[in-house]
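Atoms considered below: every heavy atom in the structure, side chains included; atoms not considered: hydrogens, waters and symmetry mates.
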Amino acid sequence: MSRRVLPAALLAAASALLAACAPLPAPRQFAGSLDAPLQTASGRIAVIADLQRTSYLEFWRESNDRERAALVHALAAARPDAVFVVGDLVFDGGSARHWADLDALMAPVRDAGIPVFAAFGNHEYWGGRGDARHLFARFPHLGGRHWYEIAYGPLRVVVLDSNIDELTPAAWDAQIRWYEGALRRLDADPSARAALVLAHHPPYTNSTVTGDELHVQRHIVPPLLRSRKALALISGHVHNHERFLRGGKLFIVAGGGGGPRAALAQGAARRHPDDLARGPALRPFHFLLIAPAPEGLAVELHGLPKGGSEVAAIDRFVIPWPAP
């Protein structure tokens with residue numbers, strides 16, 4: 001009897017199917033605690049957002065697996081005192097396999113013992129609110145909290161859940177009351193010199209894929225503007241980098257963690273011509289390193305061009321300390 005040979009493509013498809021059906025490893029937990037201030041060994045923290053892989057449902061968009069891995073390796077090599085991921089860690093928050101992919105991606109950071117803190121993005125809610133269990137299984141130190149505060153030397157980091165359509169009205173109102181109270185308390189606290197606010201959705205953007213988030217403008221921006229010590233709002237959601245100065249506060253879009261990039265409108269098509277982060281419609285993948293310095297918060301943007309091989313500092317700016 002002659003032996004039949006399966007085509008290579010069929011063998012590859014069968015292997016992929018078997019891999020997809022294979023049991024998933026247990027969730028890997030990140031280091032971290034909300035019960036004590038962050039240690040200041042390196043003198044800097046990192047912020048990254050939108051680490052999700054490009055889904056097969058969006059097959060027409062760019063896939064950046066190599067760039068995502070390079071960014072995370074560079075992030076781990078920088079040895080910040082903590083990493084804050086501002087939402088969209090995965091494409092489908094209800095998929096255990098997508099979370100397992102994140103476990104593999106973030107292994108260099110997790111294995112280095114670097115504390116990691118997460119904010120909820122819109123993709124964390126895919127699959128239903130009950131699937132927050134996937135996030136909290138990896139971040140047990142959050143204690144099931146969607147909003148929280150942590151101290152880092154003279155800096156306070158306030159993390160919010162900006163998914164107004166996913167939280168109940170009562171939960172949203174409770175969060176905003178907590179947020180307003182937190183900023184008032186920090187303004188009165190002599191040990192706190194400044195605060196940063198992190199939330200997934202940006203109030204202002206020139207993105208051609210998404211628009212300004214009006215609920216962030218209405219509910220999150222005003223307390224920031226009223227606060228003496230709150231210096232900036234850092235968001236993701238838009239897979240690009242932008243920076244706006246409004247009312248003496250910076251509004252930074254830092255969604256370059258590796259999701260398919262979203263082009264920014266150019267020229268007369270821009271909604272906001274005052275973007276301080278000059279550049280083309282598609283900008284490098286990136287993360288932020290933020291260090292308290294004598295003059296204020298020193299921020300470095302570490303970027304990687306599409307198809308590039310080296311992650312390097314591509315922009316630097318300082319957010320001045322507030323007046324005493």
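Within the 4.5 Å cutoff, the side chain of Leu231 has no heavy atoms near those of the Leu224 side chain.
A donor-acceptor contact shorter than 3.5 Å links the side chain of Gln175 to the backbone of Asp161. Listed for the Arg228 side chain is a donor-acceptor partner under 3.5 Å among the backbone atoms of Ala323. Remark: the backbone N or O of His241 is paired with a side-chain donor or acceptor of Arg283 at under 3.5 angstrom. In this structure, the side chain of Lys306 does not engage the main chain of Glu67 through any donor-acceptor pair within 3.5 Å. At least one donor-acceptor pair closer than 3.5 Å links the side chain of Arg110 to the backbone N or O of Asp103. Judged by distance alone, with hydrogens and angles left aside, the side-chain atoms of Arg61 form no donor-acceptor pair with the main-chain N or O of Thr54 at under 3.5 Å. Remark: the backbone N or O of Ala262 is paired with a side-chain donor or acceptor of Asn240 at under 3.5 angstrom. For His200 (side chain) and Val86 (main-chain N/O), a donor-acceptor pair under 3.5 Å exists by modelled atom type.
Note: Phe139 and Phe30 have parallel aromatic rings, judged against thresholds of 30 and 60 degrees for the angle between ring planes. Aromatic ring orientation, His134 versus Trp99: parallel (interplanar angle below 30°, classes split at 30° and 60°).
For Phe285 and His239, the distance between ring centers is not under 6.0 angstrom.
The residue from Asn206, Thr205, Asp212 that alone fulfils the side chain to side chain donor-acceptor pair (under 3.5 Å) condition with His272 is Asp212. With respect to Phe244, the side chain to side chain contact (heavy atoms under 4.5 Å, CB included) criterion is satisfied by exactly one of Asp275, Leu276, Leu233: Asp275.
Of all heavy-atom pairs spanning Thr210 and His237, the tightest one is CG2-NE2, 3.9 Å.
For Arg246 and Tyr204, the positive end sits near the middle of the six-membered ring, less than 6.0 Å away and at most 45° from its axis.
Taken together through direct or relayed side-chain contacts under 4.5 Å among Ile, Leu, Val, Met, Phe, Trp and Tyr, Val209 and Val238 form parts of separate hydrophobic clusters.
Residue Gln217 qualifies as enclosed at atom CD: its count of foreign heavy atoms under 6.0 Å is above 12.
Salt-bridge formation is not detected for the pair Arg44/Asp81: no Lys NZ or Arg NE/NH1/NH2 atom is positioned less than 4.0 Å from an Asp or Glu carboxylate oxygen.
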